[in-house]
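Here is the naming used below: chain letters follow the sequence lines, and residue numbers restart at 1 for every chain. No hydrogens, no waters, no symmetry mates; every other heavy atom, side chains included, goes into these values.
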Amino acid sequence: MSWLVGNAGQIWQLTVVHAALSAIPIVIGFALAIPVGWFANRHRASRGTVLAVVGVVYAVPSLPLFIALPSILGTRILDPVNVVVALSLYALAIMVRTASDAFASVDVDVLLSATAVGFSTWRRFWSVELPLAGPVLLSGIRVVSVSTISLLSVGSVIGVTSLGYFFLDGFQRGFALEILVGIVGTVVIAVVFDTVLTIVGRLLLPWARRRAASHRPATPAGADLAGAA
Amino acid sequence: MTEWHSAFGWLLDPANWSGPGGIPVRIGEHLLYTLVTLVIAVVIAVPVGVAIGHTGKGRALAVQSSGVLRALPTLGVLLLLALWLGLGFGPPLIVMVLLGLPPLLAGAYAGIDAVDRATVDAARSIGMTGWQVLSKVELPLALPIIIGGIRSGCLQVIATWTVAAYLPLGGLGRFIYDGLAVQNYAEMLGASVLVILLALIADALFALVQRLVVPRGVVVGRASDVRVRSSKRLATTSESTAG
Amino acid sequence: MIEFRSVTKQFPDGTVAVREFSLVIPSRRITVLAGSSGSGKTTILRMINRMVDPSSGAIEIDGADISTLEPVRLRRGIGYVMQNSGLLPHRKVVDNIATVPLLRGEKRKDARARALDLMDTVGLDRALADRYPSQLSGGQQQRVGVARGLAVDPNILLMDEPFGAVDPLVRAELQQELLRLQHDLGKTVVFVTHDIDEAFLLGDQVVIFKPGGVVAQIGTPQQILAEPADEFVTRFVGADRGKRALHVRSEGGRDVVLDADGRPAGVLVGAAPTRDEAGAAAAAPGASAQGDRPR
């Protein structure tokens, strides 16, 4: 207990760093995946290629990628940028597939009628396609959020600061409480992020609420399966 | 680029390919760890997932526990268990199996779920027993997605055994941590290349199996797919005039 | 003979799909259950092969209470054809037709040989035997569905809106085919539809349902047309819209049958009957149901 009190400052600081370092890849991955996923869905011929590339990125294990990136990006190995880039790539890989499924899930007849009543392609995207793809996109970003937060701590073995520091330090000192603090901290961040995403989703997609509560959620199998280490 | 040069130098050095700590041995260990983990996880998760998909019961529980398992940081759980249960193969194996369960479980129930309810209803109507519906209709149609879950789990297990070499274990992760300890970046990078190759080959093999197990009738016609496509094309052509 | 004795079905969520339903379904005849969706007609059909069990009341087949029969065995002895065919997408046409005989333990070779014979019976080219369902047209898939229903040579054939999802021309063709099959094979057919024209065309006995599983009228098409039990039946069969209120006018020496708007519905053939009988004959289902009215 005294360890908790004595290190409250460091616990808080690492939690904030961990949250910040995970937030960046989640946002980047989501923002980039929307246009890529939309393009992949719209241009059927490109879909297979895009999904294949994304599948390869997704298959690359995390620790080796953290190690290989400095020599590709020209960064130092301790630079947090490596981990952020790697996690953004994973987030992108998961989100592109989800986004492509999400846009594919939008009823073609709805799009046709939107065009028929005079929406331009651009306006139709913002006011019809994106909102209707919203529920599936939301389920995708929730998967990305959880896996990014838990993956970030792996970066600590190559010296990138996060709550993972407590795992290594606690293990070396044979101090289980310290490891537990790290685990609980990570899970708390994941729960907070997930809650925020769910609330934002409810505010932005009020019509989807009833559907989300129904027996079968609109989660595509792909999003369900995603989230490897 | 000098890093890559020395990394390939490390990879091609015959000295690294022999002895008890050589590359072939480490690859063998990595494959063995992965295989043992996968077999145990499949034996647990696939029957449970299939049962959930078939009966429709326990789905919420499975989704929730999968979510919790996913949120757990692998490294932390690995080290905590090693601290509590001691070093060796057992504790990390428990963690690996636990973390491998969510994708396998999800693949199994999503696969059964994806089978058209009308087809299942028809199979029952003509007099198939529950077991026959499962074995002759649901499982064959669900198999590609079930294998997809195993594929996802396999990638995760390969990746996590690499991380787990922080503990005194074998596998390709050993080179990474040994290199890290003495600042030998060539060794770290070389080993990383090996792990990435291993994962990509495993992924490709699973992709192949997934393709092979798709029942033929399901691939051949694709009537519904064609319809979606043609109406999509309709949507596209009509836009060009509307824009 | 199938007999329903005051059968009620209440689902766990409280909805009553069928209320105190009694009916005798004669052997070797086509009985059509007609009604709009939510009228409980499919639930009644599915009770015959115990896909649904009644909450109260009894159902007997040839005097045997089916609640004492084992559901799987019961189903294997009854043919079942449904909308969208319900074929197994991963099995070839011939294997789909042979599914139930194989489940009953017949030899593969015999089952396949009879499946091929059945393809002839339902008017399918044998060349389609090795295709998968997704490679067939909707009408062909329904024929495979009928063949599968006949595969164990059942006495009873249950048909749940089997022609609901095919286009009108193919539907008319399949309806005629069913009448021909019934003429040759003489099965006890229970047929569910929401299409009253289809009901009058096929049914020896027609049961019209109100929403909520209540029977509005039971009778032959002639009886129902001649004496609709109430306002609901009148509207349901379309007699109020003049579609069925036909009259005869002599034109060029022949008796032309006209509907209420004066559009020709057909020509009266056969011996010149008295005026009253002519009205009744023209009101028989064939005329308008076959859709050959010029427009």
Checklist entry - At their closest point, which heavy atom of B:A71 faces which heavy atom of A:T186, and how far apart are they? => result O-CG2, 4.4 Å
Checklist entry - Of all of A:G55, A:G182, A:G174, which one pairs up most often with chain B through heavy atoms under 4.5 Å apart? => result A:G174
Next on the checklist: Within this structure, what is the CD-CG distance for the pair A:E178 and B:L83, rounded to the nearest 0.5 Å?
Outcome noted: 10.5 Å
Checklist entry - So does A:R173 have more than 12 non-hydrogen atoms from other groups sitting under 6.0 Å from CZ? => result yes
Checklist entry - Is it the backbone or the side chain of B:L189 that comes under 4.5 Å from a heavy atom of chain A, or both, or neither? => result both
Checklist outcome for this item: Highest number of heavy-atom pairs under 4.5 Å with chain A among B:I196, B:L198, B:D203, B:V157 belongs to B:I196
Checklist entry - Which atoms of A:F175 come close to chain B, meaning under 4.5 Å heavy atom to heavy atom: side chain ones, backbone ones, both, or neither? => result backbone
Checklist entry - Measuring heavy-atom distances to chain A, does B:V77 have an atom under 4.5 Å in its side chain, in its backbone, in both, or in neither? => result both
Checklist entry - Which atom pair, heavy atoms only, marks the closest approach of B:I176 to A:P64? => result CD1-CG, 4.4 Å
Checklist entry - Should B:S192 and A:L63 count as side-chain neighbours, where that means a heavy-atom distance under 4.5 Å? => result no
Checklist outcome for this item: Taking every heavy atom of B:R70 against every heavy atom of A:S150, the minimum-distance pair comes out as O-OG, 3.5 Å
Item to check | Heavy-atom proximity to chain A below 4.5 Å, by part of B:L172 | outcome: neither
Item to check | Heavy-atom pair with the smallest gap, counting every atom of A:L168 and B:L79 | outcome: CD2-CD1, 3.8 Å
Item to check | Among A:A68, A:S153, A:G164, residue most engaged with chain B (heavy-atom pairs, under 4.5 Å) | outcome: A:A68
Checklist entry - What distance separates A:I77 CD1 from B:M188 CE, expressed to the nearest 0.5 Å? => result 3.5 Å
Checklist outcome for this item: Looking only at B:L99, B:L78, B:L200, B:L194, the option with the highest number of non-hydrogen pairs under 4.5 Å against chain A is B:L200
Checklist entry - Distance from A:Y58 atom OH to B:R151 atom CZ, nearest 0.5 Å? => result 9.5 Å
Checklist outcome for this item: Ranked by heavy-atom pairs below 4.5 Å to chain B, first place among A:A176, A:A190, A:S145 goes to A:A176
Next on the checklist: Donor-acceptor check, side chain of B:Y185 to backbone of A:I67, threshold 3.5 angstrom: yes or no?
Outcome noted: yes
Checklist entry - Taking the side chain as C-beta and beyond, is there a heavy-atom pair between A:F167 and B:L80 under 4.5 Å? => result no
Checklist entry - So what's closer than 4.5 Å to chain B heavy atoms on A:I149: side chain, backbone, both or neither? => result neither
Checklist entry - Can you check side chain to side chain contact (heavy atoms under 4.5 Å, CB included) on A:S156 and B:L75, steps first, answer last? => result CA-CA 9 Å; A:S156 59; B:L75 184 64; 3.7 Å; yes
Item to check | B:P73 vs A:I183 side-chain heavy atoms within contact, under 4.5 Å | outcome: yes
Checklist entry - Say you draw a straight line from CD of B:Q156 to OG of A:S147; how long is it, rounded to the nearest 0.5 Å? => result 9.5 Å
